[in-house]
Asks: 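Starting off with a structure, shown below.
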Amino acid sequence: MTTATLDGENNDSPAELLDPVRAAAEAGNAVLDVVIPVYNEEKGIESSVRRLHAHLTSTFPYPFRITVADNASTDNTYAIAHWLAGQLPGLTAVHLAEKGRGRALKTVWTGSDAPILAYMDVDLSTDLAALLPLVAPLISGHSDLAIGTRLSKGSRVVRGAKREVISRCYNLILRGTLQAGFSDAQCGFKAIRRDVASRLLPLVEDTGWFFDTEMLVLAERAGLRIHEVPVDWVDDPDSRVDIVATAVADLRGVWRLGRGLATGALPLHTVRASLGRNSPEVAPGVPSGLVRQLLRFGGIGVASTLAYLVLYVLLRGVLGAFTANLLALLLTAIANTAANRRLTFGVRGGAKRGRQHFEGLMVFGLGLVLTTGALSVLHAVVPAPGRGVELVVLICANLAATVLRFLLFRAWVFHPRRLKKVQ
């Protein structure tokens, strides 16, 4: 088998990639190591671990290991996991002195000898029937990482509206800011080849919930193949996740990772050289750099905002605040979409122009909601506000609308995958 180094090309064929799996299976060693990160889960850990062990025993064709990674629990979680390790073959338990799901995964995966590494949440929200389809492409050598997705057409998901909205908004942010191509960053059901993990994990800084996202974005930028499996998923009503704190940490992670990618601080070329299948493809004429797109979009946005304010002032005395806002936004939105289509995202020709302008108007509708809502709140608080106050409020609302417009343009209207179908 060809040994890949950080300075050389990885020319391993799928057949060669099977060698670690065969070697582990023939030696009776674990081919798959499934990690379950836990924190204060004494109530449900035994039933979940026994259920997973029974499923793997009856369905997985190779030797396996289940590793319960305790994240500094303060209850009896680790004691129960340690006791179960003496009851169930192939089960181990490790204790970490510090909290952090990412820290637990990185610690166990780095020290594991199994060629295929996976993890799942202890609540087993994901139907275990998806486990074999998740790891099969890694065993065969077809893919480098695999994720469960709750956001594909083939998925069946039961969860509350709040979590659904948060999840979709988060993945939309990832597409808009980091140009992520995978559909679901947060599903607690993922797998990775050990040779890939050994090169990728040293670059992952986060030790908490953003760990998954950072790993996937880095893998995608390095040209690795990510396999997605639609899953059946049922929300755990007893989830211990602090949604607000996690969301704030995730946004900080997006900013840190985006800055690292934009400045070239992350040595992804070394991973790409040793593991990458192909360089990421971008549609012809599309500026791929986030910084370049932001600069062009920002310049167009400044011009659009100035044009909007001029139109609003001219129309305000004749039509009133709300009608003037509507017309000024509509006219500048059409011009803004056309300018960004050509200058920011490099789209030429008339193919799909009508569809893109229609979608641009849908994005404009969200901006209209923000600005109209801001005006409504202002007039409710101040019955007769001055023009200067109105303009300040509208500028702030337009800034929020501009950020949203960029995210939607980049993640939806002019996303490279959609543009490639047009070219």
Side-chain angles (χ1 to χ4, degrees), residues 165 168-169 172-173 175-177 251 254-255 258 286-287 290-348 350 352-415 418-419:
V165 170
R168 291 188 178 274
C169 287
L172 182 62
I173 289 172
R175 292 187 182 188
T177 57
L251 292 176
V254 169
W255 170 255
V286 178
L290 176 61
V291 174
R292 186 187 306 173
Q293 288 184 344
L294 279 172
L295 290 175
R296 295 186 183 189
F297 184 86
I300 294 170
V302 170
S304 297
T305 300
L306 291 175
Y308 161 79
L309 292 175
V310 170
L311 287 172
Y312 176 80
V313 171
L314 292 175
L315 297 172
R316 171 69 170 82
V318 180
L319 302 174
F322 292 95
T323 304
N325 176 58
L326 171 62
L327 290 178
L329 267 180
L330 178 60
L331 292 173
T332 53
I334 294 172
N336 182 280
T337 300
N340 278 302
R341 182 179 188 269
R342 181 175 180 83
L343 300 176
T344 303
F345 300 100
V347 182
R348 304 289 192 272
K352 302 298 183 181
R353 178 183 293 168
R355 185 203 71 189
Q356 290 163 351
H357 272 283
F358 175 74
E359 292 172 348
L361 287 176
M362 294 176 66
V363 175
F364 146 78
L366 295 176
L368 178 62
V369 170
L370 284 174
T371 55
T372 302
L375 274 178
S376 298
V377 171
L378 174 63
H379 281 264
V381 175
V382 183
R387 297 288 174 84
V389 176
E390 279 188 348
L391 289 178
V392 170
V393 169
L394 286 172
I395 289 172
C396 294
N398 264 290
L399 287 175
T402 298
V403 173
L404 181 62
R405 187 183 303 119
F406 179 74
L407 294 177
L408 290 173
F409 274 179
R410 201 167 194 259
W412 176 42
V413 182
F414 302 111
H415 193 278
R418 302 185 79 196
L419 293 178

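Computed from heavy atoms alone, side chains included, the values below leave out hydrogens, waters and symmetry copies.
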Asks: Distance from Leu311 atom CG to Leu306 atom CG, nearest 0.5 Å?
Replies: 11.0 Å
Asks: Hey, does Ile300 have a side-chain heavy atom less than 4.5 Å from the side chain of Asn336?
Replies: yes
Asks: Quick one: pull up CG in Leu251 and CD1 in Ile173 and give me the separation to the nearest 0.5 Å.
Replies: 5.5 Å
Asks: Nearest 0.5 Å, please: how far is OH in Tyr312 from OG1 in Thr323?
Replies: 10.0 Å
Asks: Can you check whether Val389 reaches Val382 side chain to side chain, under 4.5 Å on heavy atoms?
Replies: no
Asks: Using every non-hydrogen atom in the two residues, find where Leu314 and Val318 come nearest and quote the distance to one decimal.
Replies: O-CG2, 4.3 Å
Asks: So how far is it from Leu326 CG to Leu315 CG, rounded to the nearest 0.5 Å?
Replies: 10.0 Å
Asks: Ignoring hydrogens, what is the shortest heavy-atom contact between Val393 and Ala374? Give both atom names and the distance.
Replies: CG1-CB, 3.7 Å
Asks: Return the minimal non-hydrogen interatomic distance between Ala324 and Leu319, and the atom names on each side.
Replies: N-CB, 4.3 Å
